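Structure record follows, encoded as structure tokens.
Because the structure is a prediction, the values reported are computed rather than measured.
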Amino acid sequence: RANNIGYILLNMTFPENFPFAPPFVRVVAPIVEGGYVLDGGALCLELLTPNGWTAAYTIEAIVTQVGSALIKGNAKIAKDGRKFSLKAAQASYKSLIKTHEKYGWVTSPKAEGY
């Protein structure tokens, strides 16, 4: 409960072909640093990409995975007045997709605790 904030507000935008395509999920507030949160609040999670998505995922599973990523990534609440923006989140997500389409998804052994 940093800065007396007891929640993280997420925004989920569902495509017309959901559940056959992933929702776009981003952190809206507060500003979170680390925890796989990118510029604009976009999330670096394979399950939220077209290649990592399966129609079997539920909204509850998405929220659980986001929470796990924040914990695993040692997310911290920022103490400044910055704000996340949808435009920046969408740009970060597009860049994330291009990067992982080119290089794949690799987790370093250190990140896995080895």
Point to revise | side chain to side chain donor-acceptor pair (under 3.5 Å) contacts touching residues 43-56 (sequence neighbours left out) | key: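 Every pair satisfying side chain to side chain donor-acceptor pair (under 3.5 Å) with a residue in residues 43-56: there are none.
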
Taking the side chain as every heavy atom from C-beta outward, state whether [X] and [Y] have any atom pair closer than 4.5 Å.
| X | Y | result |
| --- | --- | --- |
| Met12 | Val63 | yes |
| Leu9 | Val27 | no |
| Asn11 | Val25 | no |

Who passes side chain to side chain donor-acceptor pair (under 3.5 Å) against [X], sequence neighbours left out?
| X | answer |
| --- | --- |
| Lys76 | Asn74 |
| Ser95 | none |
| Asn17 | none |

Exercise for review: Could you give me the CA-CA distance, side-chain angles and deciding distance for Leu96 and Tyr36, then say whether side-chain contact (heavy atoms from CB on, under 4.5 Å) is met?
Suggested key: CA-CA 11 Å; Leu96 165 85; Tyr36 304 97; over 6 Å; no

Exercise for review: Taking salt bridge (Lys or Arg N to Asp or Glu O under 4.0 Å) as the test, write out the residues that go with Glu33, two or more places apart.
Suggested key: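 Salt bridge (Lys or Arg N to Asp or Glu O under 4.0 Å) list for Glu33, sorted by chain: Arg82.
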
If every non-hydrogen atom of [X] is compared with every non-hydrogen atom of [Y], which pair is closest and at what distance?
| X | Y | result |
| --- | --- | --- |
| Gly35 | Leu70 | O-CD2, 3.7 Å |
| Gly40 | Ala88 | CA-CB, 3.7 Å |
| Pro23 | Phe18 | CD-CE1, 3.9 Å |
| Ser85 | Arg26 | C-NH1, 3.7 Å |

Review point. Linking I/L/V/M/F/W/Y whenever any side-chain heavy atoms sit under 4.5 Å apart, do Ile62 and Ile71 land together?
Key: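 Cluster IDs for Ile62 and Ile71 differ.
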
Exercise for review: Kindly state each residue pair satisfying salt bridge (Lys or Arg N to Asp or Glu O under 4.0 Å) with at least one member in residues 95-104, sequence neighbours excluded.
Suggested key: none

Check your understanding: CG of Leu38 to CG of Leu43: how many Å apart, nearest 0.5 Å?
Key -> 7.0 Å

**Study point:** Rounded distance (nearest 0.5 Å) linking atom CG of Leu47 with atom OG1 of Thr64
**Key:** 10.5 Å

Would you please name every residue forming a side-chain contact (heavy atoms from CB on, under 4.5 Å) with [X], sequence neighbours left out?
| X | answer |
| --- | --- |
| Phe20 | Ala55 |
| Ala29 | none |
| Asp39 | Ser92 |

Review point. With sequence neighbours left out, which residue pairs that include part of residues 68-99 fulfil the ring pair (Phe, Tyr, Trp, His ring centres under 6.0 Å) condition?
Key: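 Residue pairs with at least one partner in residues 68-99: Phe24-Tyr93.
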
